Amino acid sequence: MTEARKFITYLDAMTPPSRIQPMKWSREEIYAELERLRQHPKKDPRAGTIVSLYNPSTGNLLGTTPSILAGFQWIEPGEHGQAHKHTFAGIYYVVRGRGYTIVDGKKIEWKEGDVLALPPWSFHENVNADPAEPAILLGVFDLPLMMGLRILLEEEFKGGYQPVVEVVP
Ligand SMILES: [Fe+2]
């Protein structure tokens with residue numbers, strides 16, 4: 001085991017980090033990975049099936065870029081994810097399907113082409129309202145920023161599901 005360093009020089013601190021590499025994920029790769037994870041026996045009750053786009057040049061920031069993690073969420077027909085909150089904020093783009101997201105008790109319906117902003121540290125749960133067709137969301141999150149600041153936190157909602165107190169058109 002190497003001894004921990006307690007001091008670095010100015011030059012150490014100012015050495016530019018390695019560059020982030022451009023990267024592409026093809027539609028075929030994304031859908032193949034979604035299909036593979038859908039078959040996985042251990043699904044997260046909060047998230048269902050999520051494939052995040054990891055760019056290895058972001059290292060342990062686990063990003064698509066150094067500040068953003070993008071990913072696709074496949075929600076099975078009728079699936080209702082459990083409520084939770086996290087310190088990273090996000091934007092959802094509805095690639096396919098129809099459903100709603102409950103954010104801090106506010107029910108927000110969505111359909112293909114809609115965009116939804118998810119504030120940080122707000123309880124949320126995604127629901128596919130279609131009993132026959134899957135829904136697909138593209139999520140873009142500032143998770144790597146929280147990772148870098150060491151303030152990546154998550155909390156489950158007690159009881160699993162929030163009561164709806166307001167419906168947002
Ligand atoms: Fe979430």
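Just so it is clear, the structure is predicted and the values come from calculations on it, not from any experiment. Counting starts at 1 for both ligands and their atoms, in listed order. What's counted below: heavy atoms across the whole structure, side chains too, no hydrogens, waters or symmetry copies.
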For residues Asn55 and Thr58, is any side-chain donor paired with an opposing acceptor at under 3.5 Å? no
Quick one: side chains of residues 93-102, donor-acceptor pairs under 3.5 Å with protein atoms, not counting sequence neighbours, listed by atom name and distance.
residue : atom : partner : partner atom : Å
Arg96   : NH2  : Glu133  : OE1          : 2.9
Thr101  : OG1  : Trp110  : NE1          : 2.8
Thr101  : OG1  : Asn126  : OD1          : 2.9

Scan Glu155, His124, Glu154, Arg46 and name whichever one has a side-chain hydrogen bond (donor to acceptor under 3.5 Å, both in side chains) with His86. His124
Would you list the protein N, O or S atoms within less than 2.8 Å of the Fe ion (ligand 1), leaving out water? His84 NE2, His86 NE2, His124 NE2
So, His80 versus Glu125: side-chain donor-acceptor pair below 3.5 Å or not? yes
Salt bridge present between Arg5 and Asp12 (N-O < 4.0 angstrom): yes
Please lay out, stage by stage, how Glu33 and Arg38 fare under the test salt bridge (Lys or Arg N to Asp or Glu O under 4.0 Å). CA-CA 8 Å; Glu33 187 64 8; Arg38 279 183 68 212; over 6 Å; no
